[in-house]
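Before anything else, here's the structure in question.
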Amino acid sequence: MKPTTPIAVQIVQLIQAEGWAPGAHLPAQMLADRLRVSRSPVNDALRQLHEKGMLAREPNRGYFLARPLRLAPEQVAGALGIEGRDHATDVYFRIADDLLRGDLPQACSEAQLRARYGLTPTQLNAILGRIAGEGWAERRPGYGWEFSGMMRTPEALLQSYRLRLALEPAALLEPGYRLDPAVLARCREAEWHLLNGGIETDTADQLHDRGVRFHESLVEASGNPFFIDAIRRVNRVRRLLSYRSMRDRKRYRQHCEQHLAVLALLEQGRNREAADALRAHLQSTLDNIGKLAGMLET
């Protein structure tokens with residue numbers, strides 16, 4: 001995978017491209033949507049830019065652009081002293097890989113993790129906060145952290161897809177189902193972004209979050225809190241093995257085409273056909289992941 005541009009640099013480049021003036025509000029969710037990443041790395045980047053004096057922070061309101069930006073995009077990283085690679089993200093993926101290979105104990109102290117990965121306490125806290133927010137680690141009373149054992153085998157990932165296969169198509173058939181046109185448009189735009197080159201250039205984070213947003217948006221339109229909660233929970237804990245399955249990106253073009261077909265049917269109010277198409281899509285993904293079981297174990 002190619003080195004990724006740090007999120008802080010991407011935010012600065014977005015500010016410059018949009019021509020935002022000092023005082024412009026920079027909500028984390030808006031930036032996460034624009035950059036197609038989760039909110040956690042965006043919040044880390046906003047704090048980083050605040051420390052550099054580029055952003056102002058107002059209690060209970062968030063971050064605002066503090067001063068004009070007059071740097072060329074390629075000069076941003078050097079001027080801010082931001083390294084070319086995002087070290088915290090690199091370590092995050094190393095932890096995930098070590099867990100999946102069985103090289104990392106299920107329970108670790110913070111001192112052990114800092115020594116193993118060469119982290120400062122601040123860096124470790126940020127990474128563990130992200131991992132905990134995603135549901136695959138939790139703090140142990142009096143003894144460091146414990147990683148979830150739920151999603152550490154290929155069979156666990158297959159089981160999560162079988163659960164989704166049972167629930168997601170059914171959500172589309174709920175009485176009063178309504179997918180907001182603005183949400184549908186955002187989902188469609190994300191698929192075209194991938195088809196127009198994002199499949200090759202997006203990070204594993206971005207690919208995973210794009211897929212999660214698509215499927216959760218469809219389920220949320222059901223208005224059924226039990227469907228919504230179940231899908232959100234399974235999406236949080238399947239992240240580990242989902243990253244591994246992304247090493248082969250050839251199947252993503254087909255995924256995008258299938259997603260667009262489901263959206264077209266929903267837009268026309270043909271929910272039963274959309275449910276059938278979504279079921280076929282999830283079954284296809286399940287079959288493909290089954291073929292990748294050997295890769296997931298390496």
Side-chain angles (χ1 to χ4, degrees), residues 1 4 7 28 32 37-45 47-48 85-164 167 203-209 211-213 215-216 225-247 289 292-298:
M1 186 181 300
T4 61
I7 299 299
V37 297
S38 61
R39 285 185 59 169
S40 178
V42 167
N43 284 325
D44 291 342
R47 284 192 290 270
Q48 186 179 16
R85 284 187 63 87
D86 184 340
H87 180 59
T89 298
D90 286 346
V91 173
Y92 167 90
F93 282 109
R94 283 175 57 197
I95 291 173
D97 270 341
D98 287 350
L99 277 171
L100 291 170
R101 284 196 301 264
D103 293 342
L104 190 65
Q106 190 161 343
C108 296
S109 69
E110 292 189 5
Q112 289 173 320
L113 291 169
R114 285 199 305 272
R116 182 183 181 100
Y117 298 105
L119 297 168
T120 66
T122 299
Q123 289 172 326
L124 180 64
N125 286 338
I127 293 168
L128 289 175
R130 174 181 176 180
I131 291 172
E134 293 170 355
W136 50 281
E138 61 181 14
R139 188 183 294 277
R140 288 167 56 98
Y143 181 77
W145 290 75
E146 183 168 1
F147 296 99
S148 170
M150 185 182 297
M151 290 298 295
R152 292 167 67 173
T153 67
E155 179 56 28
L157 184 60
L158 295 172
Q159 288 171 340
S160 76
Y161 268 91
R162 288 196 287 270
L163 175 64
R164 295 175 60 205
L167 293 183
T203 66
D205 258 343
Q206 291 168 324
L207 284 174
H208 178 82
D209 289 337
V212 165
R213 282 199 302 273
H215 287 277
E216 289 188 357
F226 297 99
F227 280 115
I228 296 167
D229 182 65
I231 294 303
R232 284 177 178 168
R233 285 175 182 269
V234 76
N235 279 335
R236 283 200 298 270
V237 298
R238 74 183 176 90
R239 180 180 291 262
L240 268 177
L241 281 167
S242 184
Y243 285 149
R244 273 289 180 87
S245 72
M246 290 173 189
R247 290 180 180 175
I289 289 175
L292 297 174
M295 182 183 74
L296 294 173
E297 289 172 339
T298 59

Validation row: L124, E110 side chains within 4.5 angstrom (heavy atoms): yes
Any D98 side-chain heavy atom under 4.5 Å of Y117 side chain: yes
Close side-chain approach of I127 to L113, heavy-atom, < 4.5 Å: no
Heavy-atom pair with the smallest gap, counting every atom of Q112 and A107: OE1-O, 4.5 Å
Pairwise distance CZ(R140) to CH2(W145) - rounded to 0.5 angstrom: 12.5 Å
From CA spacing to verdict: side-chain contact (heavy atoms from CB on, under 4.5 Å), L163, Q159: CA-CA 6 Å; L163 175 64; Q159 288 171 340; over 6 Å; no
Distance in Å, R164 CZ paired with I231 CD1, rounded so as to fall on 0.5 Å steps: 6.5 Å
R116 side, atom CZ; I95 side, atom CD1 - distance, nearest 0.5 Å: 9.0 Å
side-chain hydrogen bond (donor to acceptor under 3.5 Å, both in side chains) partners of N43, counting only residues at least two apart: none
Smallest separation among heavy atoms of A45 and I7, with atom names: CB-CG2, 3.8 Å
Evaluation steps, salt bridge (charged side-chain N to carboxylate O under 4.0 Å, His left out), between D229 and R232: CA-CA 5 Å; D229 182 65; R232 284 177 178 168; over 6 Å; no
Backbone N/O of E138 and side chain of E146: donor-acceptor pair under 3.5 Å: no
Minimum heavy-atom distance P105-L99, with the two atoms named: O-CD2, 4.4 Å
For the student: nearest non-hydrogen atoms of A28 and V42, plus distance: O-CG1, 3.7 Å
